[in-house]
Number of protein chains: 2
Amino acid sequence: MDSLRLGWESSPVSEPLQTDEQVATPPGRARRRRARRGEGPALREEILQAAERLLIETGDQEAVSIRAVAQAVGVTPPSIYLHFADKNDLVFAVCERAFARFDAVQEEAAAQSDDPLESLMLRGRAYVRFGLENPEQYRILFMTRPSGTPHSWTPETIAGIAAFWHLVEAVQRCMDAGALTQGDPVVYAIGCWSSVHGITSLLLSHPQFPWPEHEELIDHILLAPIEGLRPKG
Amino acid sequence: MDSLRLGWESSPVSEPLQTDEQVATPPGRARRRRARRGEGPALREEILQAAERLLIETGDQEAVSIRAVAQAVGVTPPSIYLHFADKNDLVFAVCERAFARFDAVQEEAAAQSDDPLESLMLRGRAYVRFGLENPEQYRILFMTRPSGTPHSWTPETIAGIAAFWHLVEAVQRCMDAGALTQGDPVVYAIGCWSSVHGITSLLLSHPQFPWPEHEELIDHILLAPIEGLRPKG
DNA sequence: TGTACATCAGTGAACGCGCGTTCACTGATGTAC
DNA sequence: TGTACATCAGTGAACGCGCGTTCACTGATGTAC
């Protein structure tokens, strides 16, 4: 009689015991080694990278689900919750990283010239380039509804604000050098920001529009407002 | 014995027969009269209006689901398919209407002045105002991923292009009047578009940012590029 | 005027899907004795 | 060196949800005779 053994939900003796190594990995999912004691944060890092990779590869913010990220890392969905409070928290962390790189890229570009006005132009070009090269990250940072992203948005905005204050400083330097007429640097900076964000997001959201050649167009857009703010003469 | 009657899923005789009129309307759903023979298109119109109303009231594009629209109209989900091929088709139709109003609003504003430059400014202000007053429609038109909206996007873009070509004409008129330096009116127009779209979408996606006063800011942004393109002297 | 029938706007129930999240659990790793 | 135990990273199964879409149907409206 097998009745007693059948209590153990049908595990026939004929089927060999599978060791962890021999188990066939489910399709599309790489088996992971369990982390060592001190290596907790390692998975957190992997999750963040996987989330960003998914964002880039699928080109779709919706594709970044807890389940998809877990699968990409080779882990089960509940594992994510060991490292992030919830989905918002994960998206939030992805944004923070993107914002940091976004700011860094502009600072680096701006540092390539000592001339304040040329530096401002370089900053603008770097801004647009970042947006076009990282469309999904750019979307998350500047094109999504505020409530659609983490409600603890404030500190994240602060990270984004870093890039903005750097822009304000750059505008101020232009004024100090007499390259722009005196005025409220914050208002001027928002003007610059509007231009670069405007063209970046239009190019992203309407790629099939019959745009003129990008480089030339972008230069015109960067120059026009600057020309308008230059001292006459 | 009740066994025979119980075959009819428990409808006790004590419960009176409900006529169509007496039926309690399900919560949040208004009972509709069935349309007469020739009145097919009436529901289509109601569906479109309900979809747009949902968009506005919830302030969330995701909230516009086939089911939600059906409920808002007071109809069952499959009914929608009598009037629209699928969800894309419905969203598409909503966009078309919004684009039409968007263009109309700008044309009307621009017609308020005979001076080409002033007319251009009025057009710009109308653009921003439309965006701020119709944030969800604006989002759908200019801030969402192309594939996220109907794949038969091309004709819709044409509707959107109407507003754009009107802008190009307005720029051309300024050049003809000597109010702007000669140049490619398309590039100039895209420059204007970038500015107004930039500030509109930034205000929409980061409402909690410490913006300066709107009116003044918008005027600065409209003026700066125009100043840059004015004949010197 | 009365009746049988065709039309077709709209229904009710179900399909399969992927989602975020929870819960009790497992089992390898490290530690105390 | 050996053994019992605590820790805790990660699992497996399930929850309830809302989604777009389909299908066979109902029944009021209009029409032909």
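Quick caveat, the model's predicted, so the values are computed rather than measured. Reminder, nothing fancy here: chain letters follow the sequence lines and each chain counts from 1.
Judged by distance alone, the side chain of A:Thr144 and the main-chain N or O of A:Ile140 form a donor-acceptor pair under 3.5 Å. Side-chain atoms of B:Ser79 never come within 3.5 Å of backbone atoms of B:Val75 as a donor-acceptor pair (strictly under, hydrogens ignored).
With C:dT21, C:dG10, D:dT11 as the candidates, the nucleotide lying closest to the side chain of A:Ile66 is C:dT21. Relative to the side chain of B:Leu82, the nucleotides C:dG10, D:dT22, D:dA9 differ in distance, and C:dG10 lies closest. With distances taken from any side-chain atom of A:Asp86 to the nucleotides D:dT21, D:dG12, C:dT21, the minimum falls on C:dT21. Set against D:dT11, C:dG10, D:dG20, the side chain of B:Leu43 has C:dG10 as its closest nucleotide. Candidate nucleotides D:dT21, D:dT11, C:dG10 were compared by shortest atom distance to the side chain of A:Ser79, and D:dT11 ranks first. Minimum atom distance to the side chain of B:Pro78 is reached by C:dT11, of the listed C:dT11, C:dC19, D:dG10.
The separation between B:Ile80 atom CD1 and D:dC19 atom P is 12 Å, rounded to whole Å. Rounded to a whole Å, the CD atom of A:Gln71 is 12 Å from the C1' atom of C:dG18. Atom CD of B:Glu62 and atom C1' of D:dC17 are 15 Å apart (whole Å). For the pair B:Glu46 CD and C:dA9 P, the interatomic distance rounds to 15 Å; values are reported in whole Å. The CZ-P distance, from B:Phe84 to D:dG20, rounds to 14 Å in whole Å. With rounding to whole Å, B:Leu90 atom CG is found 14 Å from D:dC19 atom C1'. Following rounding to the nearest Å, A:Arg67 (CZ) and D:dT11 (P) show an atom-to-atom distance of 14 Å. Remark: P of D:dC19 and OH of B:Tyr81 are 11 Å apart, rounded to the nearest angstrom.
Close to C:dA9, at under 4.0 Å from its OP1 or OP2, lies no side-chain N or O of B:His83. Considering only side-chain N and O atoms, A:Ser65 lies under 4.0 angstrom from the phosphate OP1 or OP2 of C:dC19.
Looking at B:Gln106 and B:Glu108, their side chains never come closer than 4.5 Å, going by heavy atoms from C-beta outward.
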Intra- and inter-strand pairs of DNA chain D in dot-bracket (Watson-Crick or G-U wobble, both distances under 3.5 Å; | for another strand): .||||||||||||||||||||||||||||||||
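Taking the ring pair (Phe, Tyr, Trp, His ring centres under 6.0 Å) definition, one finds that A:Tyr138 meets it with A:Tyr127, A:Phe142, A:His197, sequence neighbours left out. Residues forming a side-chain hydrogen bond (donor to acceptor under 3.5 Å, both in side chains) with B:Arg129 (at least two apart in sequence, or on another chain): none.
A salt bridge does not link A:Arg123 to A:Glu169: none of the charged side-chain nitrogens sits closer than 4.0 Å to a carboxylate oxygen.
Ring-plane geometry between A:Phe209 and B:Phe164 is classed as perpendicular, the angle between the planes exceeding 60 degrees on a 0 to 90 degree scale with a lower cut at 30.
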